[in-house]
Amino acid sequence: MLTLNQIKNNPEELIKKLSVRNKDFSQLIHDAIKTDNKRKEIQSSLDATLEQSNKIAKSIGQLFKEGKQAEAGKAKSEAAELKEKAKELTAKLNDAKAELQTILFEIPNIPHPSVPAGKTDADNAEIRAGGTIPKLSKKVPHWELADTYDLIDFELGNKITGAGFPVYKGKGAKLQRALIAFFLDEADKAGFTEIMPPLVINEASGFGTGQLPDKEGQMYQVTEDKLFLIPTAEVPVTNLYRDVILKEDDFPIKMTAYSSCFRREAGSYGKDVRGLNRLHQFDKVEIVQIQHPDKSYETLDEMVAYVESLVQKLELPYRIVRLCGGDLGFTSALTYDFEVYSAGQDKWLEVSSVSNFETFQANRLKLRFKKVGEKQTQPAHTLNGSALALPRIVAALLENNYTEEGIKIPEVLQKFTNFDLIN
RNA sequence: GGAGAGAUGGCAGAGUGGUCGAAUGCGGUAGUCUUGAAAACUAUUGUACUCACAAGGUACCGGGGGUUCGAAUCCCUCUCUCUCCGCCA
């Protein structure tokens, strides 16, 4: 969430910056300022009322001690009036605050200057690409390969749970385990501390990273306990630092976590959700960093380079795109998406999203730091990225490495799978 | 699931209606001493809003509500934690 300072500092400039998102935010911005001014006005008159009332209350104590009953009684009635006034003002203040909060929740993060204008993913800017697209004698989609080699059973998943909950079997299951171990080992080598977080979160955590209030429809809910299944490990891991004040030399904080992820994906349908392309439950290794504002873009580049190293090691053809304003997530200032080419479907699949949220999450999380010798706190920057999400990587591995002898396992994975061929 | 106890500042832990933003200890920071360090001593040390990040003011003692002129302290409610019993990987 943006702070009032960010909004009031230069509203017109802000509106211009936000317009990159392909939407006009001028009404919201002006409403925010208006509502905050109203809030301030009410607040200061409430504060003044309370001040008076506090003073009188103190004097009453004094008067009683001195035995001046009559004066005390008079002061009491005076205080009662002030109390009535304070009550009214408090109600007004709460209204204004709630109104302001609603408005602030609707204002997205400010896109970084490098974010290209545009409406859809077609307008995303390709940064670079790598790997070679394999020339296959036969293009077979992964759901057929999964069936042929008995790796993943989508029908069984339907039976046990429903669509989008596949059952991995035999070498299919081992491949999952291998990828998780590989990704975690790589993250460890790159200096990320391994975290194993809860898979269920409370409301406060959902607010902290921005899934709530408006995206609760995308999460599975445990209504009886007011909990949510995590859509990504980003939520519990980033929330480890909710309400934390760091010291400047605590940066950078680097964490990685493997978790299952649960997404309702309401509204998805058709061929995009075929096979592993879009699931309700999937596995992912996430990397999260908390960084000093001066260094967060350097860090973002490092994270992109790190994810790139993963797809390279897996020998997958890939491209990196910078998301355009229309495609950029609500909470993100700059996002790079990784896509790998899946030869059987003849299609690019998004496998990772690496973002800098700047202070947007930190403001909600109340994740701040203090400079040495300074009293003032300021929000830290948060970043995260998938490193990596498994299903589409599996899809591309199966499809791209399919040969007449079977499916070849990339060399880096073999020590984790203990086999080099699926046949 | 049953019974009981509790939730106070970074931590430990006082405080049961006014002088409490809150004793004390530990920790942190700065300084004195020292070649340096330790010890000792001295000072300082929560967050946010208002505001010029001054002074002053306001709020916050798990969350919400109430009683009262006045609440950390009394009442209601919710959440969480701990202990014992039960169940159980």
Side-chain angles (χ1 to χ4, degrees), chain A residues 1-9 32-101 103-104 196 198-208 212-213 221-228 236 239-250 253 290 293 359 361-380:
Chain A
M1 152 174 96
L2 299 185
T3 61
L4 263 308
N5 279 341
Q6 282 173 295
I7 292 167
K8 283 184 163 177
N9 187 32
I33 295 170
K34 217 168 76 188
T35 309
D36 187 53
N37 287 338
K38 190 167 82 185
R39 190 212 102 233
K40 263 194 199 173
E41 209 175 291
I42 299 167
Q43 173 117 49
S44 41
S45 81
L46 174 63
D47 281 359
T49 309
L50 288 175
E51 183 186 356
Q52 257 186 291
S53 154
N54 284 344
K55 276 182 182 160
I56 292 173
K58 271 184 190 173
S59 75
I60 290 173
Q62 195 58 36
L63 290 170
F64 271 123
K65 266 182 198 165
E66 292 166 10
K68 298 175 180 168
Q69 305 289 347
E71 282 183 52
K74 198 178 147 205
K76 265 195 191 183
S77 61
E78 210 178 319
E81 270 176 49
L82 286 171
K83 194 188 168 186
E84 211 37 57
K85 192 176 166 194
K87 211 170 183 178
E88 267 173 48
L89 286 169
T90 305
K92 274 194 195 172
L93 182 64
N94 287 340
D95 286 350
K97 275 184 176 170
E99 196 185 326
L100 182 61
Q101 191 65 266
I103 294 168
L104 290 179
M196 195 179 265
L199 304 182
V200 182
I201 50 139
N202 58 24
E203 271 183 302
S205 298
F207 274 100
L212 296 175
Q221 304 192 25
V222 187
T223 47
E224 192 164 346
D225 298 297
K226 284 188 191 153
L227 299 172
F228 302 84
N239 270 282
L240 296 178
Y241 284 85
R242 171 152 48 88
D243 290 320
V244 167
I245 299 176
L246 296 164
K247 283 183 289 210
E248 202 174 10
D249 55 11
D250 289 334
I253 289 165
I290 299 167
T359 60
Q361 287 184 330
N363 285 333
R364 284 200 190 183
L365 289 160
K366 297 200 178 72
L367 163 53
R368 296 154 291 173
F369 72 99
K370 252 187 226 184
K371 287 188 179 174
V372 187
E374 276 188 22
K375 237 191 143 172
Q376 190 80 352
T377 60
Q378 53 176 307

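Numbered from 1 within each chain, the chains take letters A, B, ... in sequence-line order. Predicted model only: the values in this text are computed from it and were never measured.
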**Q** Once you round it to whole Å, what is the distance between P of B:rA52 and CG of A:Asn5?
**A** 12 Å
**Q** Between B:rU50 atom C1' and A:Asn37 atom CG, what is the distance in whole Å?
**A** 13 Å
**Q** Any side-chain heavy atom of A:Leu246 sitting closer than 4.5 Å to one from A:Ile253?
**A** yes
**Q** Across all strands shown, which nucleotide pairs with B:rU19 by Watson-Crick or G-U wobble geometry, both distances under 3.5 Å?
**A** none
**Q** Atom NZ of A:Lys97 and atom C1' of B:rU58: how far apart are they, to the nearest Å?
**A** 10 Å
**Q** Going from CD on A:Gln378 to CZ on A:Arg368, what distance comes out if it is rounded to the nearest 0.5 angstrom?
**A** 11.5 Å
**Q** Between B:rA72 and B:rG36, how far apart are the two C1' atoms, rounded to whole Å?
**A** 47 Å
**Q** Can you tell me how far apart CG (A:Asp250) and CD1 (A:Ile245) are? Round to the nearest 0.5 Å.
**A** 11.5 Å
**Q** Could you list the donor-acceptor pairs under 3.5 angstrom formed between side-chain atoms of residues 46-61 of chain A and any protein atom two or more places apart in sequence or on another chain?
**A**
from: A:Thr49; atom 1: OG1; to: A:Ser45; atom 2: O; distance (Å): 2.7
from: A:Glu51; atom 1: OE2; to: A:Lys55; atom 2: NZ; distance (Å): 3.3
from: A:Asn54; atom 1: ND2; to: A:Leu50; atom 2: O; distance (Å): 3.4
from: A:Ser59; atom 1: OG; to: A:Ile56; atom 2: O; distance (Å): 2.7

**Q** For residues 81-99 of chain A, which residue pairs pass the side chain to side chain donor-acceptor pair (under 3.5 Å) check, not counting sequence neighbours?
**A** A:Lys38-A:Glu99
**Q** What does nucleotides 65-76 of chain B look like as a protein-contact string, B for base, S for sugar-phosphate only, - for none, at under 4.0 angstrom between heavy atoms?
**A** ---BBS------
**Q** Could you walk me through whether A:Lys247 and A:Phe369 pass side chain to side chain contact (heavy atoms under 4.5 Å, CB included), step by step?
**A** CA-CA 5 Å; A:Lys247 283 183 289 210; A:Phe369 72 99; over 6 Å; no
**Q** Determine which nucleotide pairs with B:rG1, using a 3.5 Å limit on both distances of a Watson-Crick or G-U wobble pair.
**A** B:rC85
**Q** Using atom C1' of each nucleotide, how far apart are B:rU35 and B:rG21 to the nearest Å?
**A** 44 Å
**Q** Should A:Lys247 be listed as having a side-chain N or O under 4.0 Å from OP1 or OP2 of B:rG28?
**A** no
**Q** Considering every strand and a 4.0 Å limit on heavy-atom distances, what is the contact class for A:Lys226: base, sugar-phosphate, or nothing?
**A** nothing
**Q** Check the phosphate of B:rA48 against A:Arg368, side-chain N and O only, distance under 4.0 Å to OP1 or OP2. Yes or no?
**A** yes
**Q** Are any of the side-chain heavy atoms of A:Leu2 and A:Leu104 separated by less than 4.5 Å?
**A** no
**Q** Pick the C1' atom in B:rA30 and in B:rG18, then give their distance to the nearest Å.
**A** 36 Å
**Q** Output the rounded distance in Å from CG (A:Asp225) to C1' (B:rC80).
**A** 13 Å
**Q** Which is more 5' along RNA chain B, the nucleotide nearest A:Lys55 or the one nearest A:Ser44? Just name the residue.
**A** A:Ser44
**Q** Under a 3.5 Å cut-off for both contacts, is B:rC41 paired Watson-Crick or G-U wobble with anything, and if yes, with which nucleotide?
**A** B:rG31
**Q** Answer with base, sugar-phosphate or nothing: what part of the nucleic acid does A:Thr377 contact at a heavy-atom distance below 4.0 Å?
**A** sugar-phosphate
**Q** Rounded to the Å, how far apart are A:Phe369 CZ and B:rU47 P?
**A** 14 Å
**Q** Could you give the distance separating B:rG57 and B:rA7 at their C1' atoms, to the nearest angstrom?
**A** 30 Å
**Q** Counting any heavy atom closer than 4.0 Å, what does A:Leu82 reach on the DNA or RNA strands: base, sugar-phosphate only, or nothing?
**A** nothing
**Q** Reading RNA chain B from 5' onward, which residue's closest nucleotide shows up sooner: A:Leu50 or A:Arg39?
**A** A:Arg39
